[in-house]
Protein chains: 2
Amino acid sequence: MLKEKNGDVAPIRAAVANEDGIDFTLIELFFFAYRDFTSDPDQMLADYGFGRAHHRVLHFVNRRPGLTVAELLDVLKITKQSLARVLKQLIDTGHIVQLQGPRDRRQRELYPTARGRELALALSRPQSRRIHGALTEMKGEGRKAIEQFLKAMVNPELRVQIDDDPLHRMEEDRE
Amino acid sequence: MLKEKNGDVAPIRAAVANEDGIDFTLIELFFFAYRDFTSDPDQMLADYGFGRAHHRVLHFVNRRPGLTVAELLDVLKITKQSLARVLKQLIDTGHIVQLQGPRDRRQRELYPTARGRELALALSRPQSRRIHGALTEMKGEGRKAIEQFLKAMVNPELRVQIDDDPLHRMEEDRE
DNA sequence: CAGAATACGTCAATAGTGCTGACTTAATTG
DNA sequence: CAATTAAGTCAGCACTATTGACGTATTCTG
């Protein structure tokens, strides 16, 4: 019984391989890709004293102007308290405005201002450039495949949010 | 001059469109995909009192056993202080061990223990399953395309890290 | 060999994002 | 009118990450 109280502490010297049926290569690439994907806007946001959360809120308010606070929480999958600080800052800095819901006056519809629209576009520009560059680099009819792949990575029960996507509604023109 | 001190606060009611040449659809999909990609391991980690950072450290120590602290910092692109707590916890719980560098005794080579290896595999399993499922769903010769795309999303100067990938070295067998 | 540089560890303070739980206000619904 | 709902807010906590500073052991360099 020469073991440590925390169990066997012998070093394993062999690297994990795909033997276990686990695709470590793609797991790792997904991590690197997302890290760099978010790095450009992150740097810009720092100038405003904002973080990644501000970008996400700004993004969805620009994508679906007039969405309510509850809808935004549902899309972001965060709590009301997490959203509160971020949203308040965006309102105080004149990037987002709230309008009382026309049907239900308890609701607050969220809209971007001109400033908020501009910032959202500025933040997304380098991300779109990166995506476009990557699609070009990989050649082929890539985009369709990438879109299918990314969509398939999302939890099935959450894909409704994606189908709510205004652009998709235009393309698919359902109902 | 009826403007607010913070500028024009008039709501913009139109959703941003691709007109601006920005691929909001893929930007959004990338966000959703990554969020769900990390959700499975995040839930497991909570049982150990660990976070996403622990997973990343565990991942790379398993992928490149014997890497030094400095190398790990370089791969993760975080600071020494950010790594410190996380690494200490993983060592204290017997998931990782440190060995003094054989050539340079200042260095600490990091290795997974049996426990650390098991946890890394357990965490990666649902991620790999999700990726595999998505590749199947999209049909075609997908995997190659996805790998090319994700790699192309990474900052060019950082792709050396990916080429250091042990699995890649096996496949490409350069030198 | 002495001094500089390096690898690592650690201390203190701070920021950003997220969480839970509890409570208030206003408006709608039954 | 009572119950429910939408939103806002308060207090407290956890995790990840940051910067700056300092100490120690080891290696490298002139």
Side-chain angles (χ1 to χ4, degrees), chain A residues 31 34-35 38-39 41-61 66-93 96-111 123, chain B residues 31 34-35 38-39 41-61 66-93 96-110:
Chain A
F31 161 66
Y34 195 76
R35 184 190 62 182
T38 54
S39 66
D42 280 356
Q43 276 188 285
M44 298 188 201
L45 288 158
D47 299 337
Y48 295 81
F50 291 164
R52 203 174 291 179
H54 298 82
H55 184 188
R56 293 202 283 257
V57 170
L58 207 47
H59 173 92
F60 285 107
V61 169
L67 93 174
T68 64
V69 171
E71 286 167 349
L72 185 53
L73 290 176
D74 196 52
V75 172
L76 296 176
K77 291 272 171 290
I78 58 174
T79 60
K80 201 183 358 168
Q81 295 76 3
S82 298
L83 176 61
R85 266 166 315 198
V86 167
L87 183 56
K88 193 173 190 315
Q89 282 175 282
L90 287 169
I91 291 169
D92 289 347
T93 53
I96 290 180
V97 285
Q98 292 178 308
L99 299 185
Q100 202 171 48
R103 285 180 293 278
D104 187 335
R105 287 183 303 170
R106 287 174 304 180
Q107 295 182 334
R108 302 283 176 273
E109 292 184 346
L110 303 173
Y111 293 92
L123 292 171
Chain B
F31 161 67
Y34 195 76
R35 184 189 62 183
T38 53
S39 65
D42 280 357
Q43 276 188 286
M44 298 186 200
L45 287 158
D47 298 338
Y48 294 79
F50 291 164
R52 205 175 288 180
H54 298 81
H55 184 190
R56 294 202 284 256
V57 170
L58 207 47
H59 173 92
F60 286 107
V61 170
L67 92 174
T68 66
V69 171
E71 286 167 349
L72 185 53
L73 290 176
D74 196 53
V75 172
L76 295 175
K77 290 272 171 289
I78 59 173
T79 60
K80 203 185 353 172
Q81 295 77 2
S82 297
L83 176 62
R85 264 162 319 195
V86 167
L87 183 56
K88 192 173 192 313
Q89 283 177 281
L90 287 168
I91 291 168
D92 289 349
T93 51
I96 290 180
V97 285
Q98 290 180 310
L99 299 184
Q100 200 172 49
R103 286 180 294 277
D104 187 335
R105 288 182 302 168
R106 288 173 303 180
Q107 296 182 334
R108 302 282 177 274
E109 292 184 346
L110 304 173

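Just so it is clear: chains get the letters A, B, ... in the order the sequence lines come, proteins before strands, and each one is counted from 1.
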Send over the distance from [X] [atom1] to [N] [atom2], rounded to a whole Å.
X	N	atom1	atom2	value
Lys88(A)	dT17(C)	NZ	P	16 Å
Arg108(B)	dT10(C)	CZ	P	10 Å
Arg56(A)	dT17(C)	CZ	C1'	8 Å
His55(A)	dG16(C)	NE2	C1'	16 Å
Leu67(B)	dA7(C)	CG	P	14 Å
Asp42(B)	dT17(C)	CG	C1'	13 Å
Gln43(B)	dC19(C)	CD	P	13 Å
Glu71(A)	dT5(D)	CD	P	16 Å

Using a cut-off of less than 4.0 Å, is there contact between a side-chain N or O of [X] and OP1 or OP2 of [N]?
X	N	result
Arg105(B)	dA25(D)	no
His54(B)	dC15(D)	no
Ser82(A)	dC19(C)	yes
Arg52(A)	dA15(C)	no
Thr79(B)	dA17(D)	no

Counting only distance, no hydrogens or angles, is the base of [N] paired donor-acceptor with the side chain of [X] under 3.5 Å?
X	N	result
Lys80(A)	dG8(D)	yes
Arg106(A)	dG8(D)	no
Arg103(A)	dA27(C)	no
Gln81(A)	dT9(D)	yes

Choose from [options] the nucleotide whose nearest atom is closest to any side-chain atom of [X].
X	options	value
Gln107(B)	dC8(C), dT17(C), dG9(C)	dC8(C)
Asp104(A)	dA17(D), dT28(C), dA7(C)	dT28(C)
Ile78(B)	dT16(D), dT17(C), dT18(D)	dT18(D)

message = Given the ring of Phe31(B), does Arg35(B) sit roughly above its face, with NZ or CZ under 6.0 Å from the centre of the six-membered ring and within 45° of the axis?
response =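 Yes, a cation-pi geometry.
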
task = Determine, step by step, whether Phe50(A) and Leu90(A) satisfy the side-chain contact (heavy atoms from CB on, under 4.5 Å) criterion, reporting the C-alpha distance in whole Å, the side-chain angles of both residues, the deciding distance to 0.1 Å, and the verdict.
result = CA-CA 9 Å; Phe50(A) 291 164; Leu90(A) 287 169; 3.7 Å; yes

key: Taking every non-hydrogen atom, the tightest pair across Gly51(B) and Leu45(B)   =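 The pair with the smallest heavy-atom distance is O-CD1, 3.4 Å.
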
ask   = Distance from Asp92(B) atom CG to Leu87(B) atom CG, nearest 0.5 Å?
value =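 Rounded to the nearest 0.5 Å, the CG-CG separation comes out at 9.5 Å.
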
request  = Please confirm whether the backbone N or O of Arg103(B) pairs with a side-chain atom of Arg105(B), one donor and one acceptor, at under 3.5 Å?
outcome  =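 Not a single qualifying donor-acceptor pair exists.
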
request  = Verify, without hydrogens or angle tests, whether Arg108(B) (side chain) and Arg106(B) (backbone) share a donor-acceptor contact under 3.5 angstrom.
outcome  =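 Judged by distance alone, yes, a pair lies under 3.5 Å.
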
request  = Could you tell me whether Gln98(B) contacts a base, only the sugar-phosphate backbone, or nothing, with contacts defined as non-hydrogen atoms closer than 4.0 Å?
outcome  =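 Here Gln98(B) touches the backbone only, sparing every base.
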
